[in-house]
Amino acid sequence: MSRRVVITGMGAITPIGNSVDEFWNSLKEKKVGIAPITCFDTTEYKAKLAGEVKGFDPKKYMDPKAARRMERFCQFAVAAAKEALEDSGIDMTKEDPYRVGVSVGSGIGSLQTMEREHTKLVEKGPGRVNPLMVPLMISNMAAGNVSIQFGLKGKSINVVTACATGTNSIGEAFRTIQYGDADVMVAGGTEASITEIGVAGFTSLTALNTTEDPMRASIPFDKDRGGFVMGEGSGIVILESLDHALARGAKIYAEIAGYGATSDAYHITAPSEDGSGAARAMEMAIADAGLKPEDVDYVNAHGTGTPLNDAGETRAIKLALGDHAYKVKVNSTKSMIGHLLGAAGGVELITCVKSIEEGYVHATAGLIHDDPECDLDYVKGDGVAMEVNCAISNSLGFGGHNATLLVKKYAGV
């Protein structure tokens, strides 16, 4: 018998707020965190906008010396994990540290390190490359640094599935607790890839919207959508076995009840046109939770704003939910924060939990012109106050990765 798993803490660093409350309030206000890129000169770049994290000071969250030995994506993860752990009320002096693990992924790691050290290599030779280049750059260091900062000695993993990273990381943490390998998991995703090579690479792939209007840049499901907008940040949740949470009197936000993961086995960047892979991931998550499609109230879509993704995901939702697809609310958090890549799934699961907690589904900001191919209820205009008992969060990654998490209102033992 697998164990029930609940969410007892949350932390977020985002383009519209550096805490869960600030982030959630900004979503309700339809605040768009997309603006001209400030971290490098975009004169020669077609894509000039991004969802940058604003006013982030790593010294607020960690020792300055520790911060200097971490790149931005790790700093975000440690900051969000700190908020989540404090929110959960876990006292590590009372825990077996080998029963508290970490599953925090990054899709890319540190492009900043790669750019900086490659320039040194070319201009000054191999002897000038920073001895810490590798531990600064590699994507598993977010999980490693969270583990080190908070003394977490259980399973520590880094799932890398491009834009599905955060969702897969939480899903694998969920499984870890279900089957007894840990009592508590710090889980989510982190990313900080708004760099010259990052923006140039995605632009060359024709994946980014090149408009200079921040309000029309990230417009999922709109017929005028023209690509996604890069974002950055971190979303971390604390998962616990229900028994462990009850034993310490924890506040329970929601129950995580289902996880599904598939591969399109189709194309390295394009989703399967019929949506079958993403649909199966949703079907698996619903079945894993012992629920039916009719039980789903809300879908937080991957919703990137690329023509292929939004049409394909719409087809997938219809395949998975049948006629009920037209009765659920579907939205895209990326409409306000851009695409946080490996961090997206963590931040979007937090959005689902807050929707359950507060009975509110935020609007898909910027959705103005309906696309005949995208004919579901995407919460156009204003957000909706409604009871949300069951929500699913979708993430789809380059390589054909599909991942879905299902969370539901905690209804007691």
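In what follows, every heavy atom counts, from backbone to side chain, and hydrogens, waters and symmetry copies are set aside.
Taking NZ from Lys54 and OG1 from Thr14, the interatomic distance works out to 8.0 Å, rounded to the nearest 0.5 Å. In this structure, NZ in Lys329 is found 13.5 Å from NE2 in His362, a value given to the nearest 0.5 Å. Taking OG1 of Thr404 as the start and CG of Leu396 as the end, the distance is 7.5 Å to the nearest 0.5 Å. Leu341 contributes atom CG, which lies 11.0 Å from atom OG of Ser395 (distance to the nearest 0.5 angstrom).
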Side chain to side chain donor-acceptor pair (under 3.5 Å) assessment of Lys155 paired with Thr176 = CA-CA 9 Å; Lys155 176 190 285 190; Thr176 293; 2.9 Å; yes
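Within the structure, every pair that satisfies the side chain to side chain donor-acceptor pair (under 3.5 Å) test and touches residues 99-108, not counting sequence neighbours, is listed here: Arg99-Asp183, Ser106-Glu191.
Counting only distance, with no hydrogens or angles, the side chain of Arg225 and the backbone of Ile219 share no donor-acceptor pair below 3.5 Å. Checked by atom type and distance alone, the side chain of Ser355 pairs as donor or acceptor with a backbone atom of Tyr360 at under 3.5 Å.
Inspection of the Asp264 and Asn402 side chains reveals an N or O donor paired with an N or O acceptor under 3.5 Å. With 3.5 Å as the limit, one finds a donor-acceptor pair spanning the side chains of Asn331 and Tyr298.
A salt bridge is defined here as a Lys NZ or Arg NE, NH1 or NH2 lying under 4.0 Å from an Asp or Glu carboxylate O, and Lys334 with Glu348 meets this definition.
The two residues Tyr259 and Asp288 have their closest heavy-atom pair at N-OD2, 3.1 Å.
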